[in-house]
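So the structure is just underneath, and the comments pick up after that.
Residue numbers count from 1 along this sequence.
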Amino acid sequence: MFRSRLTPLLLLKSNRKALCNLTETTSRVVNEEASGFLSLRIAHRVFHDIRSSPKGHYVPSLRKSSTLLSVTTESKEGLKLLVNGGPRAQKMVGIWLFGSAAWVFSMVVLGGVTRLTRSGLSMTDWKFTGGLPPLSDEEWLLEFEKYKQSPEYKRVNRGMSIEDFKFIYWMEYAHRMWGRALGIMFALPFSYFLRKGYITLRLGLKLSSLFALGAGQGLIGWWMVKSGLEEPPSEYAQPRVSPYRLAAHLTSAFVIYCGLLWTGLSVVMPEPPAGSKAWVQGAAKVKRLALPVSLLVGITAVSGAFVAGNDAGRAYNTFPKMGDTWIPEDIFEMKPLIRNFFENTSTVQLDHRILATSTLISIGSLWWLTRKVAIHPAVRALIGNTLGMAALQVTLGISTLLSYVPVSLGSAHQAGALTLMTLMILLNHTVRRPSPSLFKSLPKVAKKI
């Protein structure tokens, strides 16, 4: 009787080393590929194999391990991770992508400061790889002489001292070199992660597209600056860059930022926060409302680029009326009619006011319509934060207008636009539908704590 009870203990002791090795392998597979249900299936398979093996001779089979891996992979039912290598690789790639997105954010803000300080036309030439700044008095005088030939110096900054020129030159130089540094900061980790095998084909294609768009940003930026170095059509007009090219430059930066942010979120959060099937259904209702609101936020941001390109923020510095009227009389004076929406100062500012107000109302409506919808607390918090940011952004816009566009408020308003877009990206990413395997494992209603 005692011998029969001791036999299982001796069997377990003799197989302890093999069990430890198999446990580590199984744990890694479970953590990276399987849910809790699959863990039970794997554990059951392991226990069955141990019992059926000869005493003291159990060896984990490579064929059986690969079978377990195929079972876990198939059971994910279509969920494909963007990063290979497990949670540590996901974390590293995610930090890199979020860091790149933050860098682009800073680029947009720095670009706004450069424009508001009228520094963008201080450098009259451009090289793709860049170069050293002037290091001697002779080199500074040479750059200053080049700037003196530009329309901006002749019509706006005539008589400028070389010290004032150095300030605007350094602003534009910093903006350009910050962009080149971003390219290096993106390319080097990208190459490293590719070599380590962390980047899947799907993620590699996305990131390559974003990198190509980022490289093209330099060309778009110079294309924009070049338009400001040409003589204006009228002798009374101030030289400034084309509003179309400025809008293309800023919109491209927004696309790169949103692409990096969305991809980073997909890497670190392949599944959305769910909790229950009721919350998933509520998230689907929020998604139907959030998508058109996100589109409106994007259109409003692009309209702001045309406000900047036409210097429309320095006209009609009153609110809510535009001067003494609600709608200026000259909003359709250009021919053909479509030009007014992109080149007419009055029309461009009126459009931006209408779009900004519509955006605030739309986000407020999104919050109101989802108050009683069963949704994850994280989604509800995001909606509330987005409404608060929209209200702050409108307040910043009005303050900027009434203050005649100071650099501080103008920069804050541009940063606010990108912050609002960030919250909308977060919201849309959070209300995605979970994978079928996760959805099946959810309870119908979330447990109350």
Side-chain angles (χ1 to χ4, degrees), residues 27-36 38 72-73 75-106 182 185-211 213-214 254-275 279-280 283 286-287 290 294 375-383 385-386 389 418-439 441-442:
S27 177
R28 184 166 60 253
V29 172
V30 171
N31 287 337
E32 294 180 8
E33 300 288 339
S35 62
L38 293 174
T72 59
T73 302
S75 299
K76 294 304 290 181
E77 298 187 25
L79 177 64
K80 297 180 180 179
L81 300 178
L82 291 174
V83 174
N84 300 318
R88 182 173 178 273
Q90 283 181 316
K91 182 179 180 181
M92 291 173 62
V93 174
I95 291 173
W96 164 57
L97 290 175
F98 290 138
S100 299
W103 200 306
V104 175
F105 192 108
S106 69
L182 170 61
M185 196 278 290
F186 186 88
L188 291 180
F190 189 22
S191 302
Y192 171 77
F193 292 137
L194 281 173
R195 187 165 184 171
K196 295 288 287 185
Y198 294 164
I199 306 295
T200 61
L201 177 61
R202 188 157 60 105
L203 179 59
L205 292 174
K206 288 182 179 181
L207 296 180
S208 298
S209 300
L210 290 173
F211 182 72
L213 188 57
F254 283 167
V255 170
I256 294 171
Y257 173 78
C258 292
L260 287 170
L261 180 61
W262 183 276
T263 307
L265 289 170
S266 299
V267 166
V268 301
M269 193 172 66
E271 292 276 28
W279 281 355
V280 172
V286 174
K287 184 178 180 180
S294 301
I375 50 179
H376 195 282
V379 177
R380 194 174 301 283
L382 266 176
I383 295 174
N385 292 334
T386 304
M389 186 62 226
L418 206 50
T419 303
L420 185 58
M421 292 183 72
T422 300
L423 290 171
M424 292 306 303
I425 290 290
L426 284 169
L427 179 60
N428 281 281
H429 195 274
T430 306
V431 296
R432 293 170 302 141
R433 184 170 180 82
S435 64
S437 59
L438 176 59
F439 183 76
S441 67
L442 295 174

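- Side-chain contact between V379 and W279: absent, with no pair of heavy atoms (C-beta onward) separated by less than 4.5 Å.
- In this structure S294 satisfies the side-chain hydrogen bond (donor to acceptor under 3.5 Å, both in side chains) test together with N428, sequence neighbours excluded.
- Across all their heavy atoms, A283 and V431 have their closest contact at O-CB, 3.6 Å.
- A distance of 8.0 Å separates OG1 in T386 from CG in L426, rounded to the nearest 0.5 Å.
- Here CZ of F105 is found 15.0 Å from OG of S100. Values are rounded to the nearest 0.5 Å.
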With a 3.5 Å cut-off and sequence neighbours excluded, list the donor-acceptor pairs that the side chains of residues 191-205 form with protein atoms.
{"residue": "S191", "atom": "OG", "partner": "A187", "partner atom": "O", "Å": "3.0"}
{"residue": "T200", "atom": "OG1", "partner": "L82", "partner atom": "O", "Å": "2.8"}
{"residue": "T200", "atom": "OG1", "partner": "L203", "partner atom": "N", "Å": "3.3"}
{"residue": "R202", "atom": "NH2", "partner": "K80", "partner atom": "O", "Å": "2.9"}

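- S208 pairs by the side-chain hydrogen bond (donor to acceptor under 3.5 Å, both in side chains) definition with nothing, not counting sequence neighbours.
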Please tabulate, for the side chains in residues 261-268, all donor-acceptor contacts under 3.5 angstrom to protein atoms that are two or more places apart in sequence or on a different chain.
{"residue": "T263", "atom": "OG1", "partner": "G259", "partner atom": "O", "Å": "2.7"}
{"residue": "S266", "atom": "OG", "partner": "W262", "partner atom": "O", "Å": "2.9"}
{"residue": "S266", "atom": "OG", "partner": "H429", "partner atom": "NE2", "Å": "3.1"}

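- A 4.5 Å side-chain heavy-atom check between M421 and Y257 finds every atom pair outside the cut-off.
- Checked by atom type and distance alone, the side chain of E271 pairs as donor or acceptor with a backbone atom of S435 at under 3.5 Å.
- Evaluation of the ring pair (Phe, Tyr, Trp, His ring centres under 6.0 Å) rule for F211 yields F186 as partners, not counting sequence neighbours.
- P273 pairs by the side chain to side chain contact (heavy atoms under 4.5 Å, CB included) definition with M269, H376, T430, not counting sequence neighbours.
- Here the CZ atom belonging to R432 is positioned 12.0 Å from the CG atom belonging to L427, to the nearest 0.5 angstrom.
- Note that the CG atom of L418 and the CG atom of L423 stand 10.5 Å from one another [nearest 0.5 Å].
- Scored by the side chain to side chain contact (heavy atoms under 4.5 Å, CB included) test, S106 finds W103, W178 as partners (sequence neighbours excluded).
- Contact detail for Q90 and P270: the closest heavy-atom pair is NE2-CG, 4.3 Å.
- Proximity of I95 to K91: side-chain heavy atoms (C-beta onward) are separated by under 4.5 Å at one or more points.
- Of all heavy-atom pairs between A274 and L442, the closest is CB-CD1, 3.6 Å.
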